[in-house]
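What follows is a short report on a single structure.
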There are 2 protein chains.
Amino acid sequence: MSSQFYQEYPKFHVAVDCIIFGFERGHLKVLLQKRPFEPHAGEWSLMGGFVRQDEDVDDAAARVLTELTGLKDVYMKQVGAFGSVHRDSGDRVVSVAYSALLDIARVDKELNREHSAYWEDITLLPPLLFDHTEMVRQSLRMLRESISKRPVGFQLLPPLFTLTQLQMLYEAILGESIDKRNFRKRVAEIPFIEKTDEIDKLTSRRGAALYRFNNRAYQRDKHFKL
Amino acid sequence: MSSQFYQEYPKFHVAVDCIIFGFERGHLKVLLQKRPFEPHAGEWSLMGGFVRQDEDVDDAAARVLTELTGLKDVYMKQVGAFGSVHRDSGDRVVSVAYSALLDIARVDKELNREHSAYWEDITLLPPLLFDHTEMVRQSLRMLRESISKRPVGFQLLPPLFTLTQLQMLYEAILGESIDKRNFRKRVAEIPFIEKTDEIDKLTSRRGAALYRFNNRAYQRDKHFKL
DNA sequence: TCAAAAGTGTTAAGTTTACACCCATGA
DNA sequence: TCATGGGTGTAAACTTAACACTTTTGA
């Protein structure tokens, strides 16, 4: 099995943990799980899993995400490796954290229930298992940095969205309020945020124009600043 | 030995690889090694090593750095985990990359020689082993992002430096030239970059004022933009 | 008819960029 | 005395921030 090289060196369990972000009614949320196995069964934790023998670490993260949400091809980004000796009280485990951004409406609620997973507001997180709080903290920091520089926010919205939704998303992620007119002025200058002729009538009597993120147009010209 | 939990899951070699940056005569450089063991002995690679049984992954990176340079307490930052199944042809290895910034004058040249390590200009890198080129690429991207937002550049300079040296450092990292007057105007507004009354007479006839990064002052007010 | 969310421009303040010459010194 | 790198200020262009009222419509 194992190659002739490196035999003298120790081996470790390698796990992945997913920080899964969603956005609902103006709030940024994270999908948390009541841990389904020992040790520490029943505590709040991120959804994780062990990397398999012939599986890329990135693929393991995607697999775990799919197990919990039913979704494939979700936007994921590595947050980093967590490798303190005693970070997991079950055994030595090196874990690689990944953050995922998805449209909360698309997740399979049945699968969530089967895994005892619940959406929690990012501002109201309970204490989490091991170093999972630090993982969330770090991925939120990364999300805040990327949101204004790259058009990742759209991953958290449905395909059609109103400008108010988009603004609330930015406010929830950045944790500060934004001037409506300045925000809309900036959006108007971004060629790949396109106004459609659909109208959303659910959130206001008057109705709000629905917009779309055009990825083709973005690929042509990636210039972006919001 | 191994705990009762997680026994059924596979284990992997875990390694660290160091992207060690230095700055010399206007050039940003990386410390590369002729790989001293099989497989692929003699190829250009980053300095790396396997994580030990009772060692934090972060500590393993610091140890490897110390082995190669003789330096402790060097600025290091995790770049990320690299976990493709076949990334290392010797065996399955998950590697965590770390970048280090240090004052090239302080490294132990004898240790470098013992490890067949050489400083290479970042713009003139040879092809590297496995995914090491990607590791360098990624850490350079991170360095470019952080250099203008946080005062990390000083880690690459001696304790006293001239403004021309500082500017050349920024130019080497960002890969673009900067207007001298605008650069100095900005530096002048940063309270923790302090002019000393020392003069450097080595690089010019006239002599240039030497400056110092005051970490105390930085801790008091971390506001920074260069 | 009124409550609730959508939509819309202008001005002042601040930031960034472009640009060229004199200074001090050692060889 | 001259070649070399050190040091200095201003004005125009651009970007950001602050700010309040009108529109539409369903209940």
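No experiment lies behind these values; they were computed from the predicted model shown.
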Rounded to the nearest angstrom, tell me the gap between atom CG in A:L210 and atom C1' in C:dA5. 14 Å

Of C:dG7, D:dA18, D:dT8, the nucleotide closest to the side chain of A:A208 is C:dG7

Starting from C1' on C:dG14, measure out to CZ on B:R186 and report it in whole angstrom. 15 Å

A:D200 CG to D:dT24 P, in whole Å, measures 18 Å

Round to a whole Å and report the spacing from CZ of B:R184 to P of D:dG5. 13 Å

Nearest to the side chain of A:R181, heavy atoms from C-beta on, is which of D:dG6, D:dA27, D:dC19? D:dC19

Taking atom types as they are modelled, is there a donor-acceptor pair under 3.5 Å from the base of D:dT24 to the side chain of A:K201? no

Check ion pair A:E189-A:K185 (N to O, under 4.0 angstrom): no

Between C:dA3 (P) and A:R205 (CZ): distance, integer Å: 10 Å

Whether B:T203 contacts D:dG5 is assessed here as follows: a side-chain N or O lying under 4.0 Å from the phosphate OP1 or OP2. Is that the case? no

Within this structure, what is the CG-to-P distance between A:L166 and C:dA6, rounded to whole angstrom? 13 Å

Would you confirm whether A:R186, through its side chain, and A:K225, through its main-chain N or O, come within 3.5 Å as a donor-acceptor pair? no

Mark yes or no for whether B:H132, through its side chain, and B:S45, through its backbone, hold a donor-acceptor pair below 3.5 Å. no

Any idea how B:F154 and B:F161 line up, ring-wise: parallel (<30°), tilted (30 to 60°), or perpendicular (>60°)? tilted

Euclidean distance, atom CD of residue A:Q167 to atom P of C:dG7 [Å, nearest integer]: 12 Å

B:S204, nearest nucleotide to its side chain (from D:dT25, D:dA17, D:dG5): D:dG5

Could you tell me whether the side chain of B:R206 has a donor or acceptor atom within less than 3.5 Å of a complementary atom in the base of C:dA24? no

When rounded to whole Å, the NZ to P distance for the pair B:K180 and D:dT8 reads 10 Å

Which word best sums up how the rings of B:Y218 and B:F192 line up, parallel for under 30°, tilted for 30 to 60°, or perpendicular for over 60°? perpendicular

Does A:K185 contact C:dT10 through a side-chain donor or acceptor facing the base, at a distance under 3.5 Å? yes

